[in-house]
Amino acid sequence: MTALRAPNPGAVADLAAGRRARLRRRRVVIVVLFLIVAGALAVALMVGQTFYSPAEVIDVLAGRDVAGASFTVGRLRLPRAVLAVVTGVCFGIGGVTFQTLLRNPLASPDIIGISSGASAAAAFAIIVLDLSGAQVSLFAIVAGIGVAMTIYLLSFRDGVVGTRLVLIGIGIAAMLDAVTAFLLEKAPQWQLQEAMRWLTGSLNGASWADVAPVAVAAAVFGPLLASQARGLALLRLGDDAASALGVRTERTRLVTIAAAVGLIAFATAAAGPIAFVAFLSGPIAVRLAGPHGSPFAPSALVGVVLVLVADLVGQFAFDTRYPVGVITGALGAPYLVYLIIRVNRTGGSL
């Protein structure tokens, strides 16, 4: 019988050093992203047609009455900034969940039809049913969830294959985008403006009523996804390997998809389909923090950075103010082309 060899102390030390380095890198990235979020949030509250000092902003946040600032910061800027934060979290986590689960960087809600379903439903509610506000949001949420379940069922055949789901999702997205274009073509002028504002993705006119449902969705679905982190990580090895390690693959997949769809649907209902945030957050986070460990925290922070910074750029960087979705779309479209080329060449992952 062959004797077992003792582990090489040098190799063990190198392995431990590598793990410490990866963990240190991850912590540094998360701290830096958090500081960027804090800085962008501070700028969003202080800067506008009227500049308010950090002391005045802190007084407003503490509940003290400050002439002018209490209304401008407390009622206008703060809900907008908080909505940017919670939608960034939802889009970031929801997007990276799909990309990780299906092992495909193109498997983003922007690409596979979920956002298109919410957009088509919202356009229908505004243009055909003459609805507004919470009713439009409800239509968007229900449609986003319904489209996601339809894509899942159509792609299910002895399990779900990422490539099949992506292709079916792209086809459904094209059909739904055609429906939205038809509705916009037939829309009266007074409804067209409202529909376009919603479809572009905008934080204009944000209120606490918009923030509350998204915050609740993040508080419910975020921890649910975190509870599935181990199973999700093992699914990246393939269904057979995950099953051998004790993961109930279809149950884990269904729970994670449902939670991710919930995050995306509520965020889309509140701020519209802010283009490419769900698509970009995961790949950027993985590039920064590395592929090891759960991608949720860095992806959530990257999503927040993208939405907050893009909203600030849209408001103040040009002579004309642009909705946040216009800025994120301009950033995301070139990256989509690059990613398609790279995946074509390598068949790669995140």
Checklist line | Candidate pair Ile274 and Val277, rule side-chain contact (heavy atoms from CB on, under 4.5 Å), full reasoning | finding: CA-CA 7 Å; Ile274 302 178; Val277 175; 3.6 Å; yes
Side chains of [X] and [Y]: does their closest heavy-atom pair fall under 4.5 Å?
X: Val66; Y: Tyr52; answer: no
X: Ile114; Y: Phe98; answer: yes
X: Thr72; Y: Thr50; answer: no
X: Met46; Y: Val73; answer: no
X: Arg253; Y: Leu101; answer: yes
X: Ser207; Y: Asp210; answer: yes
X: Glu56; Y: Val60; answer: no
X: Phe221; Y: Val261; answer: no

Hey, any chance [X] and [Y] share a hydrophobic cluster, counting ILVMFWY side chains that come within less than 4.5 Å of each other, even indirectly?
X: Leu288; Y: Val32; value: yes
X: Leu225; Y: Val216; value: yes
X: Leu33; Y: Leu35; value: no
X: Leu232; Y: Val220; value: yes
X: Phe316; Y: Leu41; value: yes

Which atoms form the tightest heavy-atom contact between [X] and [Y], and what is the distance?
X: Gly332; Y: Phe279; value: O-CE2, 4.4 Å
X: Leu263; Y: Ala217; value: CD2-O, 3.7 Å
X: Arg26; Y: Pro298; value: NH2-CD, 3.8 Å
X: Gln191; Y: Asp130; value: NE2-OD1, 3.2 Å
X: Ala40; Y: Leu312; value: O-CD1, 3.8 Å
X: Gly325; Y: Thr328; value: O-OG1, 3.2 Å

Would you give the length of the straight line joining atom [atom1] of [X] to atom [atom2] of [Y], rounded to the nearest 0.5 angstrom?
X: Ile112; Y: Gln99; atom1: CD1; atom2: CD; result: 9.5 Å
X: Ser70; Y: Arg64; atom1: OG; atom2: CZ; result: 10.5 Å
X: Ile264; Y: Ile93; atom1: CD1; atom2: CD1; result: 9.5 Å
X: Leu184; Y: Ile127; atom1: CG; atom2: CD1; result: 5.0 Å
X: Ser299; Y: Ile284; atom1: OG; atom2: CD1; result: 9.5 Å
X: Arg251; Y: Thr256; atom1: CZ; atom2: OG1; result: 10.5 Å

Next item on the list: Would you check, one step at a time, whether the test side-chain contact (heavy atoms from CB on, under 4.5 Å) holds for Leu306 with Ser281?
Entry: CA-CA 8 Å; Leu306 288 173; Ser281 298; 3.8 Å; yes
Margin query: The test is side-chain contact (heavy atoms from CB on, under 4.5 Å); show your working for Leu154 and Ile172 and say whether it passes.
Written below: CA-CA 11 Å; Leu154 289 176; Ile172 289 179; 3.9 Å; yes
State whether the side chain of [X] and the backbone N or O of [Y] hold a donor-acceptor pair below 3.5 Å, judged by distance alone.
X: Gln228; Y: Val255; result: no
X: Thr87; Y: Ala84; result: yes
X: Ser155; Y: Tyr152; result: yes
X: Thr100; Y: Thr97; result: no

Item checked: Phe182, CZ: over 12 other non-hydrogen atoms inside 6.0 angstrom -> no
Notebook entry, point to check: Side chains of Asn204 and Arg80: do they bring a donor and an acceptor to under 3.5 Å?
Noted result: yes
Next item on the list: Report the C-alpha distance between Tyr322 and Thr320 in whole Å, list the side-chain angles of each, state the deciding distance to 0.1 Å, and finish with yes or no for side-chain contact (heavy atoms from CB on, under 4.5 Å).
Entry: CA-CA 6 Å; Tyr322 293 100; Thr320 302; 4.2 Å; yes
